[in-house]
2 protein chains.
Amino acid sequence: MPSSGQTQAAGVLEGVGVRPTSQRVVVLTELMGERNDVTAQQLHERLRSRGEQLGLATVYRTLGLLAEAGVIDSLSHRPGELCYRWCGEGHHHHLVCSSCHQVVELAECELGSWLERISEAHGFVTTGHRLEVSGLCGDCR
Amino acid sequence: MPSSGQTQAAGVLEGVGVRPTSQRVVVLTELMGERNDVTAQQLHERLRSRGEQLGLATVYRTLGLLAEAGVIDSLSHRPGELCYRWCGEGHHHHLVCSSCHQVVELAECELGSWLERISEAHGFVTTGHRLEVSGLCGDCR
DNA sequence: TTTAGTGCAAAAGTTTTGCATGGTC
DNA sequence: GACCATGCAAAACTTTTGCACTAAA
């Protein structure tokens, strides 16, 4: 029987028109339960060591699909390594600790109106934005 | 005789304690004259085709140095490719057109006080932040 | 003269692709 | 049966590193 996390993931996949195969559900479920950034390699290794049977290429393909569908976000901190992260519902931003990489989600985004005004002044129509705040968390300070 | 761009670049390098060799000056001068994102490969090819003699490894090493010194910014849009960009003076953000990749610099950053307040609430001390706004520019709309 | 930087080629990674196989509608 | 997804292995790329050589303080 599928866990509630898996059911939820399957629903998300169907919602964006991606067929919810078992591998895709496993990948998305893992991302939805992980607050921090993960690379494709880490994700693959983690799932394998837990006994899931799935190939590295499938992880890459799935992450690519999900990112294109806007279900997950991708961001790179270091050269040659892209991290993925579940966006959750609604629009928000993150605080990332430079030392331990802990991530805190900021519930609200107060940037909307400021951005619209300033973009309009340059002839732009904004389609999205991402804010990345780095700092030191309480433990690492 | 060095152009004013080259003199300026050399000054920036000295300012952050990096020896201004001719290769580094060439790389930084190019970045300072380019408003948009560039990859190491693009930069290398562009300089080579202009007759500059410098190796790809040197471009990578220089970009790494400059990024670490905070002189340039690095950001990744796609997997396996990191882009670099001259930050200019002072703190600001960018509007990027999703279609033509044109970049507009936003002169002011009004995020400081909001961020400090919200970070403090989570026990963080912020050390920096980056805002990336994507949209469509007037021409592409 | 001592140190730091460069170029080249090799190495180390990550990500993508081709193709045969297996699963789904 | 037609189509899509997967796994494996090979290929394609980007980035890093080792080492001999060169340039600079």
Side-chain angles (χ1 to χ4, degrees), chain A residues 2 6 9-10 12-14 16-31 37-69 71-85, chain B residues 2 6 9-10 12-14 16-30 37-69 71-72 74-85:
Chain A
Q6 286 172 332
V12 170
L13 288 169
E14 279 176 345
V16 295
V18 171
R19 191 185 297 179
T21 66
S22 71
Q23 289 92 337
R24 289 173 180 170
V25 169
V26 165
V27 167
L28 182 52
T29 302
E30 180 67 23
L31 276 170
D37 294 7
V38 196
T39 67
Q41 308 267 355
Q42 290 171 338
L43 205 50
H44 178 242
E45 193 168 352
R46 194 185 298 183
L47 293 172
R48 285 300 277 254
S49 72
R50 185 187 302 166
E52 301 287 352
Q53 295 289 119
L54 83 178
L56 181 55
T58 300
V59 174
Y60 274 106
R61 283 190 270 235
T62 301
L63 290 174
L65 270 178
L66 293 175
E68 191 148 353
V71 172
I72 62 177
D73 245 0
S74 64
L75 187 62
S76 174
H77 308 296
R78 313 176 186 196
E81 132 179 329
L82 203 55
C83 291
Y84 295 89
R85 182 207 287 150
Chain B
Q6 285 173 331
V12 170
L13 289 169
E14 279 176 344
V16 295
V18 170
R19 190 186 298 179
T21 65
S22 72
Q23 289 91 337
R24 290 173 178 169
V25 169
V26 165
V27 167
L28 182 52
T29 301
E30 180 68 23
D37 294 8
V38 196
T39 67
Q41 307 268 355
Q42 290 171 339
L43 204 49
H44 178 242
E45 193 168 351
R46 193 185 299 184
L47 293 172
R48 285 301 277 254
S49 72
R50 186 186 301 164
E52 302 288 350
Q53 295 290 118
L54 84 178
L56 180 55
T58 300
V59 174
Y60 276 105
R61 284 189 272 235
T62 301
L63 291 174
L65 269 178
L66 294 176
E68 191 147 354
V71 172
I72 62 177
S74 64
L75 186 63
S76 174
H77 309 296
R78 312 178 185 194
E81 132 177 330
L82 203 54
C83 290
Y84 296 88
R85 182 207 288 149

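In what follows, chains are A, B, ... by sequence order, proteins preceding strands, each numbered from 1. Computed from a prediction, not measured in an experiment: that's the story for all the values here.
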I want to check one thing: is the phosphate of [N], taken as OP1 and OP2, less than 4.0 Å away from some side-chain N or O of [X]?
{"X": "A/Thr58", "N": "D/dG7", "value": "yes"}
{"X": "A/Thr21", "N": "D/dT6", "value": "yes"}
{"X": "B/Arg24", "N": "C/dT6", "value": "yes"}

Interatomic distance, [X] [atom1] vs [N] [atom2] [rounded to whole Å]:
{"X": "B/Glu52", "N": "C/dT6", "atom1": "CD", "atom2": "C1'", "result": "15 Å"}
{"X": "B/Leu47", "N": "C/dT6", "atom1": "CG", "atom2": "C1'", "result": "15 Å"}
{"X": "B/Leu63", "N": "C/dG5", "atom1": "CG", "atom2": "P", "result": "15 Å"}
{"X": "A/Leu56", "N": "D/dA12", "atom1": "CG", "atom2": "C1'", "result": "15 Å"}
{"X": "B/Glu45", "N": "D/dT14", "atom1": "CD", "atom2": "P", "result": "10 Å"}
{"X": "B/Leu65", "N": "C/dT6", "atom1": "CG", "atom2": "P", "result": "9 Å"}
{"X": "B/Leu82", "N": "D/dT15", "atom1": "CG", "atom2": "C1'", "result": "10 Å"}
{"X": "B/Glu14", "N": "C/dG5", "atom1": "CD", "atom2": "P", "result": "13 Å"}

| query | Measuring from A/Leu65:CG to A/Arg19:CZ, what's the distance to the nearest 0.5 Å? | reply |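 Taking CG in A/Leu65 and CZ in A/Arg19, the distance rounds to 11.5 Å.
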| query | How long is the gap from CZ on A/Arg85 to CG on A/Leu31, to the nearest 0.5 Å? | reply |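 Answer rounded to 0.5 Å: 11.0 Å.
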| field | Residue pair B/Leu82 / B/Leu63, side-chain heavy-atom distance below 4.5 Å | value |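 No, every pair of side-chain atoms sits at 4.5 Å or beyond.
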| message | I want to verify a distance call: between C/dT6, D/dT16, C/dT14, whose nearest atom is closest to the B/Tyr60 side chain? | response |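 Output: D/dT16.
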| message | Would B/Val18 and B/Val71 count as a side chain to side chain contact (heavy atoms under 4.5 Å, CB included) here? Give the steps. | response | CA-CA 11 Å; B/Val18 170; B/Val71 172; over 6 Å; no
| query | Can you tell me if A/Arg24 uses its side chain to pair, donor with acceptor, with the backbone of A/Thr62 under 3.5 Å? | reply |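 No, the answer is negative, given that no donor and acceptor are paired below the 3.5 Å cut-off.
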| Set of residues satisfying side chain to side chain donor-acceptor pair (under 3.5 Å) with respect to B/Glu30, sequence neighbours excluded |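 With sequence neighbours excluded, B/Glu30 shows a side chain to side chain donor-acceptor pair (under 3.5 Å) to B/Arg46, B/Arg50, given in chain and number order.
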| side chain to side chain donor-acceptor pair (under 3.5 Å) against A/Glu81, all qualifying residues, sequence neighbours excluded |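 A/Glu81 satisfies side chain to side chain donor-acceptor pair (under 3.5 Å) with no other residue.
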| request: Assign each of A/Gly80 and B/Val59 to its nearest nucleotide of DNA chain C by heavy atoms, then name whichever residue's nucleotide is nearer the 5' end. | output: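 On the 5' side of the pair lies B/Val59.
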| said: Taking the axis from the first five pairs and the axis from the last five, what angle separates them in the helix from C/dT1-D/dA25 to C/dC25-D/dG1, rounded to 10 degrees? | reply: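 That helix gives 30° between its end axes.
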| said: Does atom CD (B/Glu52) have a neighbourhood of more than 12 heavy atoms from anything else shown, all under 6.0 Å? | reply: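 Yes, because the 6.0 Å sphere around CD of B/Glu52 holds more than 12 heavy atoms from other groups.
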Determine all donor-acceptor pairs shorter than 3.5 Å in which one atom belongs to a side chain in residues 53-61 of chain B; sequence neighbours excluded.
unit_1  : atom_1 : unit_2  : atom_2 : d
B/Tyr60 : OH     : B/Gln41 : NE2    : 3.0

| said: Going by side chain to side chain contact (heavy atoms under 4.5 Å, CB included), name the residues that satisfy it together with B/Val25, two or more places apart in sequence or in a different chain. | reply: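 Only B/Gln6, B/Ala9, B/Ala10, B/Leu13, B/Pro20, B/Thr29 meet the side chain to side chain contact (heavy atoms under 4.5 Å, CB included) criterion with B/Val25.
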| task | Look at all strands and tell whether B/Gln23 reaches a base, only sugar-phosphate, or nothing, counting heavy atoms closer than 4.0 Å. | result |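 Sugar-phosphate: the residue B/Gln23, judged by heavy atoms under 4.0 Å, touches backbone atoms but no base.
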| task | Nearest-nucleotide wise, let me know which of B/Thr39 and B/Arg19 is further upstream toward the 5' end of DNA chain D. | result |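 Its nearest nucleotide being more 5', the pick is B/Thr39.
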Enumerate all atom pairs, one protein N or O and one N or O from nucleotides 8-11 of chain D, separated by less than 3.5 Å.
none

